[in-house]
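This is the structure, below, for whatever I ask next.
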Amino acid sequence: MENKQVANDTASSLTGRAGGESTLASKYSPAEVEGKWYQYWLDNKLFSSKPDGREPYTVVIPPPNVTGVLHMGHVLNETIQDILVRHARMEGKNACWVPGTDHASIATEAKVVNRLAEQGIKKADLTREEFLKHAWAWTEEHGGIILKQLRKLGCSCDWDRTAFTMDGPRSESVIKVFVDLYRKGLIYRGVRMVNWDPKALTALSDEEVIYKEEHTKLYYMKYYLADLEAPLSSSEGDTYAPSAANNGIEAPSGAVEGASMEGNIIHKDDRGYYAVVATTRPETIMGDVAMCINPKDPKNQWLKGRKVIVPVVGRVIPVIEDEYVDIEFGTGCLKVTPAHDVNDYMLGEKYNLEAIDIFNDDATLSERIATAQQKSLAETKVADEFIIRLDKYVGMERFACRKQIAEDMTAAGLMEKIEDYDNKIGCSERTGVPIEPKLSMQWFLKMQHFADIALDPVMNDDIQFYPAKYKNTYRHWLENIKDWCISRQLWWGHRIPAWYISPLPTSPRGGDYPWGKVIVAENEAEAYKLALETYPVLKTLEAPSGAVGEGATSFTLRQDEDALDTWFSSWLWPISLFDGIRNPGNEEISYYYPTADLVTGPDIIFFWVARMIMAGYEYEKKMPFRHVYFTGIVRDKLGRKMSKSLGNSPDPLDLIDRFGADGVRMGMMLSAPAGNDILFDESLCEQGRNFNNKIWNAFRLVKGWQVAEGEQPEAAKLATGWFAAKLRIAAEELADDFSKYRLSEALMTVYKLFWDEFSSWYLEMIKPAYVDGKQQPIDRATYDSTLQFFEILLKMMHPFMPFITEELWQALYERQPGESIMRAELHMEASTDYDRQLCAAVDELKEIVTNVRAVRSQKNIAPKEKLTLEVVDATDLRPLPEGGVEALKKMANLETVNVVSEKSKGSASFLIGTAEYAVPLGSLIDLDAERQKLESELQRLEGFLASIQKKLANERFVQNAPAAVVEMERKKQADAEQKIASIRETLASM
RNA sequence: GUCGGCAUAGCUCAGCUGGUUAGAGUAUCACCUUGACAUGGUGGGGGUCCUUGGUUCGAGUCCAAGUGUCGACACCA
């Protein structure tokens with residue numbers, strides 16, 4: 001409490017200060033500053049955007065799940081967006097960052113179901129309306145927490161535009177699009193094999209299935225020949241090839257004519273001949289309707305045309321032949337279960353096989369298995385030894401059943417063997433449970449049309465991907481596109497706008513009436529109208545008493561129960577946010593669309609990115625965004641994915657408390673090279689916080705100075721000229737980094753610019769001296785320049801660190817109410833050749849200073865002790881820029897800088913380029929150490945020279961290399977020779 | 001299995017169309033409680049640029065093969 005009071009005073013005393021003595025705390029305290037400025041930005045509507053004459057810069061947020069909480073992945077993603085948005089805003093663009101949340105159909109519904117379960121309520125006991133009431137309550141309770149958290153991070157979203165994928169305008173847009181696509185013939189309904197999530201009880205799209213490696217078993221089961229009368233071979237043994245060489249062991253009689261018995265692998269035991277089928281899912285034998293072999297499989301020729309008995313079940317099934325079967329896998333015998341495997345389904349279609357669905361929706365065993373068994377046993381006589389009554393499995397969970405049936409089969413002698421097997425199992429992305437392929441009636445979107453319109457713009461870089469490698473992934477998906485299953489057996493989501501025409505109890509039945517026909521329309525009234533138009537026969541029916549409205553007739557409409565896949569709303573996001581679906585061509589969509597940059601993870605390139613591109617071209621005839629920046633996955637510093645179970649995922653809000661939002665943002669960006677995974681390390685946030693502190697203290701220094709009118713010192717004149725040049729050059733580097741989305745490099749550029757160039761060099765060069773323990777005032781010109789530089793630096797840093805830069809920007813000069821660094825534009829002049837020369841000259845000065853400091857360090861000379869510097873063998877000080885001598889004296893703490901023809905005895909010398917400098921050390925000199933140092937330098941130079949000479953001695957180099965390169969080598973040679981001579985001379989004189 | 005990315009200092013990464021004996025940040029070591037900042041200052045050490053071959057006057061950079069690693073996609077009854 002007390003602490004806070006002090007800090008508040010600090011903050012308020014800061015604002016409006018114009019010079020004078022500093023009472024600022026020596027440590028920057030972000031907690032006292034960040035909330036204040038965020039509120040200020042909100043109060044002054046600084047995030048808000050309206051269409052105007054400026055160039056728009058639009059970003060739509062990848063909407064986080066409405067009930068989600070902020071995690072490190074969000075921090076990365078949103079920080080990048082905020083940096084881009086703030087940068088664009090400061091370029092003078094009309095930046096608009098639209099926030100919002102996603103209803104996340106399946107995830108949210110699962111959460112609501114769980115919560116209801118905790119209260120002892122089952123979803124099945126609720127009506128749709130009741131359930132939705134709970135879901136909305138949950139959404140309102142937890143919804144938007146994440147948006148609040150984004151404010152802590154400093155995100156400059158236009159909050160007035162906050163949208164939700166299930167709010168009014170977005171929902172209407174979704175429905176409109178569904179109807180439109182249906183009418184275009186791109187949406188259809190049909191029974192297909194889909195990915196069924198038995199926990200969520202819904203179908204999923206192919207993209208929602210993730211494959212997991214698992215250690216399972218491969219079960220080898222015996223399928224006995226149904227022709228029990230076939231004569232057994234006279235020989236013993238399980239496996240043999242009945243060739244002449246094998247003592248004429250006979251194959252079972254009745255083989256298909258012409259089938260070669262050569263190389264067959266035949267099994268038999270005392271029950272008879274059998275085929276072996278390998279499967280990972282023995283429980284699915286209950287749905288077996290055929291066995292399939294490859295007609296070209298030499299080891300299974302003997303099975304051609306036969307019938308086999310499904311073990312346990314006792315059903316007699318045919319052996320069919322199809323080249324789909326892999327001869328090499330298992331035994332080459334495939335059991336065909338059309339209801340429970342995608343490929344088997346295809347075989348079933350091809351050979352007109354029955355599909356026996358053995359599971360209930362929750363993947364427990366259905367009663368149907370028992371009924372089917374009874375039916376087939378009634379048709380065929382199968383000995384009891386092959387059969388187990390299936391009643392015992394009814395209601396059993398699928399994995400329990402698998403275990404049980406394997407045990408039972410082993411006990412009954414129906415199992416040949418069981419092997420360990422590594423398998424990849426398709427699991428639900430959301431619930432994690434293994435997917436059950438299931439035949440069901442679903443809605444699909446035809447994708448070929450969309451793939452056709454969405455491929456080229458990415459491949460020819462109308463839409464640019466960063467990094468570009470994801471173009472390949474994108475192309476691969478589009479070139480192998482499959483139809484999109486868009487219906488979900490869920491309630492939380494956009495309900496499919498399809499109605500089925502149903503008779504009333506009083507309605508006549510019969511072929512003329514369209515009972516069960518589907519009508520797709522935006523709402524029920526429309527559907528009603530459309531039904532009557534489409535099926536005029538409905539008009540002939542008498543309206544029951546009490547029916548109202550024109551054309552009211554004796555039928556009813558029953559709406560489809562299913563909801564749409566969440567992504568069916570997300571794919572419209574860049575359009576629906578500006579109401580482009582409901583109001584095509586409105587002012588907002590015309591102005592803000594296409595958006596500029598999309599920042600998202602590569603994991604949703606198909607779910608979302610590709611589909612937005614499709615919708616964009618379908619509905620706006622234009623790309624939805626110009627650039628896509630794919631972030632990496634945030635991992636811990638050991639490279640592991642962040643996960644709750646590992647406990648290696650820090651809470652972003654906790655990090656913000658400890659390091660400040662600016663510090664966390666910086667920590668994140670320091671480790672975030674575009675496109676690579678991010679190895680997040682808390683110590684980077686610490687580095688960020690330290691940088692904030694550095695900025696803060698530089699500010700304390702500058703604002704603590706007394707200003708006096710007076711001559712500008714030579715050193716300061718040089719420093720201000722140099723730093724102005726440095727800023728111009730840095731601005732160009734920054735612009736280049738931004739244009740390539742190299743944000744961590746841009747950050748590193750400003751980091752070094754501020755810390756090294758500004759704080760360590762510039763401020764030290766201009767800092768007024770202390771005389772008699774009192775700091776001297778600074779001259780007006782230098783002070784003014786310094787404040788200007790500081791302001792430019794703050795602007796450059798603002799996108800990365802919005803809070804501290806606002807705090808200091810406000811305090812740097814007198815500001816008007818409502819003004820903000822956010823809206824302060826940063827326009828820099830182009831750098832010149834002169835700038836570069838000046839920087840090179842100052843770099844040389846810096847090198848001299850560094851060398852003198854090194855001499856001090858090596859000789860243990862206190863920084864306070866003044867030294868002399870000799871410029872050896874020069875006629876004057878011309879190599880140094882104007883003011884350079886003064887700057888040198890100040891930075892290296894030199895008494896004098898002398899031009900000498902020969903350096904003093906007992907001095908430490910060094911070379912900068914070809915110029916030699918010496919620091920006389922008198923008795924402090926350690927000649928041996930000095931000699932050693934020079935000799936190692938000499939050795940290095942000689943090696944260097946040798947390599948150059950070798951190059952130049954090579955005729956082909958001199959002939960083939962560009963003249964400029966050869967010239968450069970010659971210069972290097974001359975320089976090296978000169979340096980060597982100079983060192984030799986020194987050594988000789990020692 | 002197919003395709004793609006990556007491999008450079010202890011760590012994380014730059015290094016662009018080949019052309020100084022390879023750079024940054026961080027870590028580390030030594031020294032420094034100076035008057036903005038010890039969340040600091042100054043200085044130092046640290047590399048077989050994964051391996052092998054090739055192209056070239058010249059390769060961290062281009063090509064090929066291999067190894068390791070990460071990812072996408074496909075199949076696996």
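We name chains A, B, ... by the order of the sequence lines, and we start the count at 1 in each one. The shown structure was predicted, so the numbers you read here are calculated from the model rather than taken from an experiment.
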Reading 5' to 3' through nucleotides 38-48 of chain B, protein heavy-atom contacts under 4.0 Å coded B for base, S for sugar-phosphate only, - for none: -BSSSS-----

Nearest-Å distance once atom P is located in both B:G44 and B:A24: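 It comes out at 12 Å once rounded to the nearest Å.
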
Sugar-phosphate only, base, or nothing, as touched by A:C292 at under 4.0 Å among non-hydrogen atoms: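 Contact class for A:C292: none.
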
Touch class at under 4.0 angstrom, heavy-atom based, for A:L679 against every strand present: sugar-phosphate

Pair partner, B:G58 [Watson-Crick or wobble, under 3.5 Å]: none

Interatomic distance where CG belongs to A:D206 and P belongs to B:C73 [whole Å]: 11 Å

Atom C1', compared across B:C73 and B:U61: separation rounded to whole Å: 30 Å

Whichever of A:V958 and A:L763 has its nearest RNA chain B nucleotide further upstream toward 5':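 In this pair, the answer is A:L763.
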
Side chain A:S739, main chain A:D736, donor-acceptor under 3.5 Å: yes

Sugar-phosphate only, base, or nothing, as touched by A:F659 at under 4.0 Å among non-hydrogen atoms: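 It contacts nothing in the nucleic acid.
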
Minimum heavy-atom distance between A:V325 and A:G332, given as atom pair plus value: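 Scanning both residues completely, I find the closest heavy atoms to be CG1-O, 3.4 Å.
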
Separation of atom OH in A:Y421 from atom C1' in B:A77, rounded to whole Å: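 So the two atoms are 8 Å apart, to the nearest Å.
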
A:V965 side-chain proximity, nearest of B:G19, B:A77, B:C73: B:G19

For B:A36, the Watson-Crick or wobble partner whose two distances fall under 3.5 Å: none

Spacing of A:K752 atom NZ relative to B:U26 atom P, expressed in whole Å: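 Between P of B:U26 and NZ of A:K752: 10 Å.
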
Value in whole Å for how far the P atom of B:G35 lies from NZ of A:K767: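 My rounded result for the distance is 10 Å.
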
Parallel, tilted or perpendicular: rings of A:Y466 and A:Y741 (30°, 60°): tilted

Watson-Crick or G-U wobble mate for B:G46, both contacts under 3.5 Å: none

G-U wobble or Watson-Crick pairing nucleotide for B:U67 (cut-off 3.5 Å, both distances):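 WC or wobble partner is B:A7.
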
Sugar-phosphate, base or nothing in reach of A:D326, heavy atoms under 4.0 Å: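 Answer is base: heavy atoms of A:D326 come under 4.0 Å of a base.
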
A:Y470 side-chain N/O to B:C73 phosphate OP1/OP2 under 4.0 Å: no

Nearest-neighbour nucleotide for the A:M748 side chain, B:A24, B:G19, B:C75 considered: B:A24

Between B:G71 (C1') and A:H476 (NE2): distance, integer Å: 13 Å

Touch class at under 4.0 angstrom, heavy-atom based, for A:G943 against every strand present: base

Touch class at under 4.0 angstrom, heavy-atom based, for A:Y324 against every strand present: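 A:Y324: backbone/sugar contact only, no base atoms under 4.0 Å.
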
Closest contact, heavy atoms only, A:F680 versus A:E682: CE2-N, 4.0 Å

Sugar-phosphate only, base, or nothing, as touched by A:V325 at under 4.0 Å among non-hydrogen atoms: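 Result for A:V325 = base.
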
Backbone of A:E847 reached by a side-chain donor or acceptor of A:N851 within 3.5 Å: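 At least one qualifying donor-acceptor pair exists.
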
Interatomic distance at P, B:G41 relative to B:A27, whole Å: 12 Å

Between B:G18 and B:C62 - C1' atom distance, rounded Å: 7 Å

Mutual orientation of the aromatic rings belonging to A:F758 and A:Y762 [parallel < 30°, tilted 30-60°, perpendicular > 60°]: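 The rings of A:F758 and A:Y762 lie parallel, inter-plane angle below 30°.
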
Side chain of A:L334 (C-beta onward), nearest among B:A77, B:A72, B:G25: B:A77

Touch class at under 4.0 angstrom, heavy-atom based, for A:N954 against every strand present: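 Sugar-phosphate only.
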
Residue matched to B:C76 through Watson-Crick or wobble contacts both under 3.5 angstrom: none

A:L921 side chain reached by A:V855 side chain, heavy atoms, under 4.5 Å: yes

Sugar-phosphate only, base, or nothing, as touched by A:Q959 at under 4.0 Å among non-hydrogen atoms: nothing

Pairwise 5' ranking along RNA chain B for A:K864 and A:Y751, keeping only the more 5' one: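 Final value for this comparison: A:Y751.
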
B:G4 to B:G43 separation - P atoms, rounded to the nearest Å: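 So the two P atoms sit 48 Å from each other.
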
Parallel, tilted or perpendicular: rings of A:F910 and A:Y917 (30°, 60°): parallel

A:Y770 vs B:A36: side-chain N/O to OP1/OP2 distance below 4.0 Å: yes

Donor-acceptor pair under 3.5 Å, A:E764 side chain vs B:A36 base: yes

Sugar-phosphate, base or nothing in reach of A:R940, heavy atoms under 4.0 Å: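 Base contact.
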
Cationic tip of A:K424 above A:Y211 ring, under 6.0 Å, 45° of axis: no

Inter-nucleotide P distance (B:G60, B:C16), Å rounded: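 The answer is 13 Å between these two P atoms.
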
Between C1' of B:A14 and CG of A:L734, the distance in whole Å: 16 Å

Any strand: nucleotide that pairs with B:C16 via Watson-Crick or wobble, under 3.5 Å: none

Nearest-angstrom distance from the residue atom CH2 of A:W477 to P of B:G4: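 Spelled out: CH2 on A:W477 to P on B:G4 is 21 Å.
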
Span that lies between the C1' atom of B:C29 and that of B:G68, in whole angstrom: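 Going atom to atom, C1' in each nucleotide, I get 33 Å.
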
Pairwise distance CG(A:L218) to CZ(A:R281) - rounded to 0.5 angstrom: 13.5 Å

Whether A:F465 and A:Y474 hold their rings parallel, tilted or perpendicular, with breakpoints at 30° and 60°: perpendicular

Interatomic distance, A:D677 CG vs B:U69 P [rounded to whole Å]: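 Whole-Å distance recorded here is 16 Å.
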
C1'-based separation of B:C6 from B:C50 [nearest Å]: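 Approximately 11 Å lies between the C1' atom of B:C50 and that of B:C6.
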
Sugar-phosphate only, base, or nothing, as touched by A:P962 at under 4.0 Å among non-hydrogen atoms: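 Touches a base.
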
